[in-house]
Amino acid sequence: MKERIKKITIELLTQRAENVSFAEIERILERRGISYLGDYSIHMPSNKNVKLWVGMSEDFCKAVVELMFEDRTIIPRNVPSTLYIFDGKIPDYPVAENLHHMYETERWFPIAFSLGNLYEKGN
């Protein structure tokens with residue numbers, strides 16, 4: 001299932017090129033009958049209270065992390081939370097305003113994806 005989620009995510013990004021949100025990926029997975037809901041989340045490595053997305057299945061979570069850090073195929077970029085308002089889904093956390101602050105309560109840092117390698121210069 002994880003590989004299928006990765007393939008669908010890349011297809012979506014190839015069509016859209018940039019600013020594909022977690023909410024959009026979930027919508028496509030739902031349309032294709034793929035389970036994506038669960039108890040997993042992706043957080044900032046430097047602060048577990050800063051969530052990038054929540055309520056994910058293990059396969060969905062692993063697929064996104066692998067696409068970013070192992071396959072080096074997608075790049076996360078900070079976006080205004082309004083992108084998620086337009087997409088119709090926002091986590092129930094306040095937005096993290098500063099990634100260098102060590103939040104003691106859970107926050108959400110809105111990101112969207114584009115194709116590319118996170119480790120290449122200029123990204």
Full working for side chain to side chain contact (heavy atoms under 4.5 Å, CB included) between M1 and I34: CA-CA 8 Å; M1 189 64 66; I34 296 172; 3.4 Å; yes

When rounded to the nearest 0.5 angstrom, what distance separates OH in Y103 from CG in N49? 10.5 Å

Taking every non-hydrogen atom, the tightest pair across A23 and Y84: N-CE2, 3.8 Å

Decide yes or no on side chain to side chain contact (heavy atoms under 4.5 Å, CB included) for I75 and N117, but give the supporting numbers first. CA-CA 6 Å; I75 299 172; N117 184 336; 5.7 Å; no

Please lay out, stage by stage, how Y36 and E30 fare under the test side chain to side chain contact (heavy atoms under 4.5 Å, CB included). CA-CA 8 Å; Y36 62 88; E30 187 171 336; 2.8 Å; yes

Side-chain donor or acceptor of R16 paired with backbone N/O of E11 under 3.5 Å: no

So, S21 side chain and E24 main chain: donor-acceptor pair closer than 3.5 Å or not? yes

Please report the interatomic distance OG(S46) to NE2(H100), rounded to the nearest 0.5 Å. 8.5 Å

Can you establish whether the number of heavy atoms outside N98 located under 6.0 Å from its atom CG is more than 12? yes

Considering all heavy atoms, the nearest S81-V95 contact: CB-CG2, 4.1 Å

Kindly give the heavy-atom pair with the smallest separation between A96 and V50, and that separation in Å. CB-CG1, 4.1 Å

Rounded to the nearest 0.5 Å, how far apart are SG of C61 and CE of M56? 5.0 Å

Side chain to side chain, L99 and M44, heavy atoms closer than 4.5 Å: yes

Spacing of CZ belonging to R32 relative to CG belonging to L29, to within rounding of 0.5 Å: 8.5 Å

Please check if the number of heavy atoms outside D39 that lie under 6.0 Å from its CG is greater than 12. no

If you measure from CD1 on I42 to CZ on F60, what distance do you get to the nearest 0.5 Å? 7.0 Å

Do NZ/NE/NH1/NH2 and the carboxylate oxygens of K2 and E66 come within less than 4.0 Å? yes

With heavy-atom distances below 4.5 Å as the criterion, would you say the side chains of W53 and P91 are in contact? yes

Just wondering, do I10 and I74 contact through their side chains at under 4.5 Å, heavy atoms? yes

Centroid separation under 6.0 Å, is that true for the rings of Y93 and W108? no

Flag yes if more than 12 heavy atoms outside K89 fall under 6.0 Å of its NZ atom; otherwise flag no. yes

Would you please indicate yes or no on a ring centroid separation below 6.0 angstrom for F113 and F22? yes

Are the side chain of R4 and the backbone N or O of K7 linked by a donor-acceptor pair below 3.5 Å? no

Atom CD of E97 and atom CZ of R107: how far apart are they, to the nearest 0.5 Å? 8.0 Å

Set out, in order, the CA-CA distance, both residues' side-chain angles and the distance that settles side chain to side chain contact (heavy atoms under 4.5 Å, CB included) for R77 and I111, then state yes or no. CA-CA 5 Å; R77 300 195 192 281; I111 62 168; over 6 Å; no

Hey, does D87 have a side-chain heavy atom less than 4.5 Å from the side chain of R27? yes

Closest contact, heavy atoms only, I5 versus A63: CG2-CB, 3.7 Å

Pairing of K62 and E3 as salt bridge, 4.0 angstrom limit: no

